[in-house]
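Residue numbers start from 1 in every chain, and the chains themselves are labelled A, B, ... in the order their sequence lines are given, proteins ahead of strands. For the numbers below, each heavy atom of this structure counts, side chains included, while hydrogens, waters and symmetry mates do not.
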Amino acid sequence: VRVVTCDELAALVSTLDRRPERASLDDVRAHDRALQSIVHHGCTAAAVRFGQIFASDDEMRQHLGERGERVARLLEEYDGCVEMRLLLADVTELEEPVAPLDQTTRPGRAYLDRLKGTQQRLENLALYAALGPVVRAERVEALATRGVAFSHLIRRGEEADYRAAVAALPALANAVVVGPLALYSFAEPNE
Amino acid sequence: MTDDALEGLDETERIVLSDLVNRVLDKGVVIGAHITISIADIDLVQLDLKLLISAVATLQERQRREHLPVRSRPRK
């Protein structure tokens with residue numbers, strides 16, 4: 001892994017002998033480890049999506065240059081912050097309510113309605129207020145394993161305070177805290 | 001994910017792995033290159049669906065921002 005600079009930004013890149021068609025779980029872990037290592041060195045880092053390949057450093061600089069201003073603005077805004085992930089394996093509030101059968105509802109519409117309902121239930125799961133001012137921003141999403149992941153933006157030096165705030169809430173006794181991480185959920189606007 | 005990937009993992013390890021895959025593949029800045037790599041030993045049946053939904057939502061949002069028309073199938 002080496003550093004390529006592009007104006008005011010620096011990108012971590014690695015060189016591949018050939019364009020891979022498939023990646024492994026180890027590759028996914030390596031991507032995350034590289035990001036975590038810079039966070040541990042005190043840098044504010046925005047994650048880039050896994051699997052982006054460029055023909056050369058110049059091509060990468062060209063693409064980064066086109067979006068660099070927005071990325072630089074984001075890193076400036078979140079300077080000194082890291083992302084913490086709080087994972088809950090079992091969130092009963094997300095269980096689908098048993099809806100009466102409606103023969104007139106088409107499968108596509110029913111599917112979209114279920115998605116909308118899940119999103120609404122997710123939004124109702126906010127922990128922001130309960131954890132206090134240590135959390136500067138929060139995003140929440142459902143995981144494929146039926147769990148829920150909260151992303152919390154905190155100041156780098158406040159990790160211990162964050163973990164103490166989580167430990168103080170009995171409802172989070174079984175929560176798993178991962179971090180500090182590079183900015184994953186906060187690297188892009190909330191959509 | 002495949003049974004191989006999850007075999008022997010307890011509940012905590014499963015959710016941590018699920019979160020790792022979710023955030024590395026679905027989060028972060030997209031600089032502009034095509035993402036063509038498939039993941040060899042991860043069954044993304046559930047994750048693919050989530051990524052597809054995310055991608056459609058992102059596309060619609062970008063189209064809205066850029067004032068591009070959103071094409072839809074004509075109603076019969």
Side-chain angles (χ1 to χ4, degrees), chain A residues 11 19-29 31-32 35 46-55 59-60 62-68 70-71 74 83 85 87-90 112 115 139 141-149 151 174-176 178 181-189 191, chain B residues 1-66 72-73 75-76:
Chain A
R19 180 179 286 270
E21 294 178 0
R22 298 170 79 86
S24 70
L25 191 52
D26 285 342
D27 296 324
V28 171
R29 288 190 171 111
H31 178 95
D32 189 54
L35 281 162
V48 294
R49 195 76 53 91
F50 177 83
Q52 297 182 74
I53 299 173
F54 301 91
E59 186 187 299
M60 192 277 295
Q62 180 190 338
H63 283 279
L64 188 57
E66 290 167 3
R67 307 196 70 181
R70 188 181 57 76
V71 177
L74 179 136
E83 180 169 328
R85 302 275 285 182
L87 312 177
L88 294 171
D90 181 25
L112 290 174
L115 279 184
R139 288 180 186 174
E141 64 190 295
L143 295 174
T145 51
R146 297 176 63 82
V148 172
S151 300
N174 295 320
V176 179
V178 179
L181 302 169
L183 305 174
Y184 275 97
S185 296
F186 299 99
E188 292 278 11
E191 290 171 339
Chain B
M1 294 175 206
T2 61
D3 290 342
D4 287 346
L6 295 175
E7 193 175 357
L9 300 183
D10 63 25
E11 187 68 22
T12 298
E13 291 168 329
R14 280 172 185 253
I15 194 170
V16 169
L17 181 58
S18 174
D19 178 60
L20 168 72
V21 172
N22 182 61
R23 71 182 141 84
V24 171
L25 299 188
D26 195 31
K27 307 285 178 212
V29 179
V30 176
I31 297 173
H34 293 294
I35 300 173
T36 55
I37 299 177
S38 62
I39 306 299
D41 60 352
I42 304 171
D43 176 4
L44 296 176
V45 171
Q46 287 179 298
L47 198 60
D48 267 344
L49 189 59
K50 186 170 180 302
L51 292 174
L52 174 63
I53 292 163
S54 170
V56 170
T58 303
L59 177 64
Q60 288 175 335
E61 176 65 16
R62 282 186 184 154
Q63 284 175 322
R64 186 186 65 75
R65 285 180 189 168
E66 296 167 10
S72 59
R73 199 179 299 171
R75 291 179 184 278
K76 291 181 180 177

Do you know the tightest heavy-atom contact between [X] and [Y]?
X: Val29(B); Y: Arg70(A); answer: CG1-NH2, 3.8 Å
X: Leu143(A); Y: Asn22(B); answer: CD2-ND2, 3.8 Å
X: Asp32(A); Y: Arg23(B); answer: OD1-NH1, 2.5 Å
X: Gly28(B); Y: Ala187(A); answer: CA-CB, 4.0 Å

### Query
Is any side-chain N of the basic residue among Lys27(B) and Glu141(A) closer than 4.0 Å to the acidic one's carboxylate O?
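Salt bridge flag = yes for Glu141(A) with Lys27(B).
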Glu11(B) side-chain N/O to Ala89(A) backbone N/O, donor-acceptor pair under 3.5 Å: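 Between the backbone of Ala89(A) and the side chain of Glu11(B) there is no qualifying donor-acceptor contact (under 3.5 Å).
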Rounded at 0.5 Å granularity, tell me how far [atom1] in [X] sits from [atom2] in [Y].
X: Arg29(A); Y: Leu17(B); atom1: CZ; atom2: CG; answer: 5.5 Å
X: Thr12(B); Y: Leu87(A); atom1: OG1; atom2: CG; answer: 9.5 Å
X: Arg49(A); Y: Ile31(B); atom1: CZ; atom2: CD1; answer: 11.0 Å

Quiz item: Heavy-atom distance under 4.5 Å to chain B: side chain of Leu181(A), backbone, both or neither?
Solution: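 It is the side chain, since no backbone atom gets that close.
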Is the shortest heavy-atom distance from the side chain of Asp26(B) to the side chain of Tyr184(A) under 4.5 Å?
->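 No - every pair of side-chain heavy atoms lies 4.5 Å or more apart.
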So Asp19(B) and Val176(A), do their side chains get closer than 4.5 Å, heavy atoms only?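 A side-chain contact under 4.5 Å is absent here.
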*After noting the C-alpha distance and the side-chain angles of Ile15(B) and Leu88(A), does the key distance pass the side-chain contact (heavy atoms from CB on, under 4.5 Å) rule?*
CA-CA 8 Å; Ile15(B) 194 170; Leu88(A) 294 171; 5.5 Å; no
